[in-house]
Amino acid sequence: MARTPKPVHEQFFDRDPVPLARALVGTVLRRRLGGQWLAAKIVETEAYALDEPASHSSLGRTPSREPMFAPPGTLYLYWSRGGPSLNLSARGSGDAVLIKAAVPHVDSVSPPQALEHMRTLLPPLANGPRATHRLCSGQSLLCRALDLHVKEWTGLRFDPARFVLEDLGDRPELVQARRLGISAVRSTGLPWRFVHREHVRSATKNPLTRRGAAQGVDYWMLPSGG
DNA sequence: CCAAAGATGCGCT
DNA sequence: GCGCATCTTTGGG
């Protein structure tokens, strides 16, 4: 008998963006679709704050960015470079966490069939089937694998009936690094990216194996539990 | 118009 | 497994 997902308490989201980004790594997103619970464990996040040029909120308060200013735990989805991205608003108005990568999660609630459903939601690759550990290894891949669309979801909150965040007790060691994909003029160089140590190969880019990457310079190890 | 918090295929190591 | 070119789609200037 499959149990029902147990969502985190609302208060989980009431943290500053960096602590929230750290706390989210290791938690599980579940999305009810077609009678099954699709599931993905978050393995990579990035924090963004209102007062730094890298954040969308710093570009101004427009209708599409309004969810970044909404109460903690509000979903902010945007479209960029041909794909959607999922963020959660944090404690400070204009602060948020970008969910950058995840790995499919299988258990009694989300059986292997749900994982295969996720695979079908992604466009086929030229060379053979998509590796399971790369099913959600990017912010747009994750949205597609969970069938999250910008227009339908942005501005909403988690919903116990169809989209939940669950804490299954994973308290991983984290790799901290600089955020990715930010243009030079808007970059602050802040190391506000957090990757699950055991799932670095499922991150957007592996922070440990980049050419010349050095501990204490390009990345930092954060012990389990913070 | 076009930069943007991206993804893929391909050539190389 | 990495770097780079190429393709992506759209909100907002």
Side-chain angles (χ1 to χ4, degrees), chain A residues 17-18 20-22 24-25 40 42-69 74-90 92 94-103 118-119 121-155 175-195 199-214 218-219:
Chain A
V18 167
L20 180 58
R22 294 179 58 163
L24 282 166
V25 177
I42 296 171
V43 301
E44 182 184 14
T45 60
E46 288 179 356
Y48 288 89
L50 172 65
D51 63 0
E52 43 130 8
S55 74
H56 285 187
S57 52
S58 72
L59 298 174
R61 195 162 176 166
T62 68
S64 68
R65 295 181 197 128
E66 190 61 23
M68 278 199 83
F69 299 87
T74 302
L75 310 180
Y76 164 54
L77 282 81
Y78 67 90
W79 191 286
S80 177
R81 304 201 204 193
S85 299
L86 169 68
N87 298 251
L88 304 178
S89 69
D95 297 349
V97 175
L98 169 63
I99 313 298
K100 265 192 96 63
V103 289
M118 291 167 67
R119 211 189 302 273
L121 290 168
L122 299 167
L125 292 177
N127 294 337
R130 208 176 274 272
T132 297
H133 79 280
R134 300 298 290 184
L135 271 196
C136 325
S137 63
Q139 62 212 53
S140 293
L141 290 171
L142 171 63
C143 289
R144 290 184 164 129
L146 295 182
D147 197 43
L148 298 173
H149 299 265
V150 176
K151 280 198 229 171
E152 181 183 358
W153 288 93
T154 193
V175 184
Q176 180 173 193
R178 291 184 186 80
R179 295 169 297 183
L180 304 175
I182 303 171
S183 66
V185 288
R186 297 180 52 207
S187 176
T188 52
L190 287 170
W192 281 6
R193 174 178 173 231
F194 302 94
V195 181
H199 292 285
V200 286
R201 70 181 190 150
S202 298
T204 308
K205 284 179 178 165
N206 186 334
L208 304 178
T209 59
R210 312 258 341 247
R211 186 174 128 81
D218 304 289
Y219 66 88

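Note on naming: letters A, B, ... go to the chains in the order of the sequence lines (proteins, then strands), and numbering restarts at 1 for each one.
Look at CH2 on Trp79(A): it is 12 Å from C1' on dA7(B), rounded to the nearest Å. Taking atom CG of Leu75(A) as the reference point, atom C1' of dA5(B) lies 17 Å away to the nearest angstrom. Between Leu77(A) atom CG and dG11(C) atom P the separation is 13 Å, expressed in whole Å. Between the C1' atom of dA7(B) and the CG atom of Leu122(A) lies a distance of 11 Å, rounded to the nearest Å. Rounding to whole angstrom units, NE2 of residue His56(A) and P of dA4(B) are separated by 9 Å. Atom CG of Leu98(A) is separated from atom C1' of dA4(B) by 13 Å (rounded to the nearest Å). In this structure, CZ of Arg178(A) is placed 17 Å from C1' of dA5(B), rounded to the nearest angstrom. Distance, Arg179(A) CZ to dG6(B) P: 12 Å, rounded to whole Å.
Proximity of Ser183(A) to the phosphate of dA4(B): a side-chain N or O atom is located under 4.0 Å from OP1 or OP2. Contact check, Arg130(A) against dT8(B): a side-chain N or O comes under 4.0 Å of OP1 or OP2. For the pair Arg81(A) and dA5(B), the criterion of a side-chain N or O lying under 4.0 Å from OP1 or OP2 is not met. One finds a side-chain N or O of Lys100(A) lying less than 4.0 angstrom from the OP1 or OP2 phosphate oxygen of dG6(B). Contact annotation: Thr62(A) side-chain N/O to dG11(C) OP1/OP2 distance is not under 4.0 Å. The side chain of Gln139(A) places no N or O atom within less than 4.0 Å of a non-bridging phosphate oxygen (OP1 or OP2) of dA5(B).
The side chain of Leu125(A) has dG9(B) as its nearest neighbour among dA5(B), dG11(C), dG9(B). Listed nucleotides: dG12(C), dC10(B), dA4(B). Nearest to the side chain of Ser80(A): dA4(B). With distances taken from any side-chain atom of Ser140(A) to the nucleotides dT8(B), dG6(B), dG3(C), the minimum falls on dG6(B). Minimum atom distance to the side chain of Arg210(A) is reached by dG3(C), of the listed dG9(B), dA5(B), dG3(C).
Looking only at atom types and distance, the side chain of Arg201(A) has no donor-acceptor partner in the side chain of Ser137(A) under 3.5 Å away. With no hydrogens or angles considered, a side-chain donor-acceptor pair links Thr188(A) and Arg179(A) at under 3.5 Å.
In this structure the side chain of Ile99(A) never reaches within 4.5 angstrom of the side chain of Gln139(A), judged on heavy atoms. Side-chain atoms of Pro84(A) and His149(A), non-hydrogen and from C-beta on, never get closer than 4.5 Å to each other.
Within 4.0 Å (heavy atoms only), Arg201(A) reaches no atom of the nucleic acid at all. When heavy atoms are screened at a 4.0 angstrom cut-off, Gly83(A) is found touching no nucleic acid atom at all.
Rounded to a whole angstrom, the distance from the C1' atom of dT8(C) to that of dA3(B) is 13 Å. One P atom belongs to dG9(B), the other to dA5(B), and the distance between them is 24 Å to the nearest Å.
The 5' end of DNA chain B is approached more closely, in terms of each residue's nearest nucleotide, by Glu46(A) than by the other of Pro123(A) and Glu46(A).
Of the possible polar contacts, one joining the Glu46(A) side chain to the Leu180(A) backbone as a donor-acceptor pair under 3.5 Å is found. No side-chain donor-acceptor contact under 3.5 Å links Arg130(A) to the backbone of Leu125(A).
Shown here, dG3(C) forms a base pair with dC10(B); the pair counts as Watson-Crick or G-U wobble because both key distances fall under 3.5 Å.
The base of dA4(B) is not paired with the side chain of Tyr78(A) by any donor and acceptor separated by under 3.5 Å.
In this structure, Tyr48(A) counts as stacked on the base of dA5(B) under the 5.5 Å centre distance and 30° plane angle limits.
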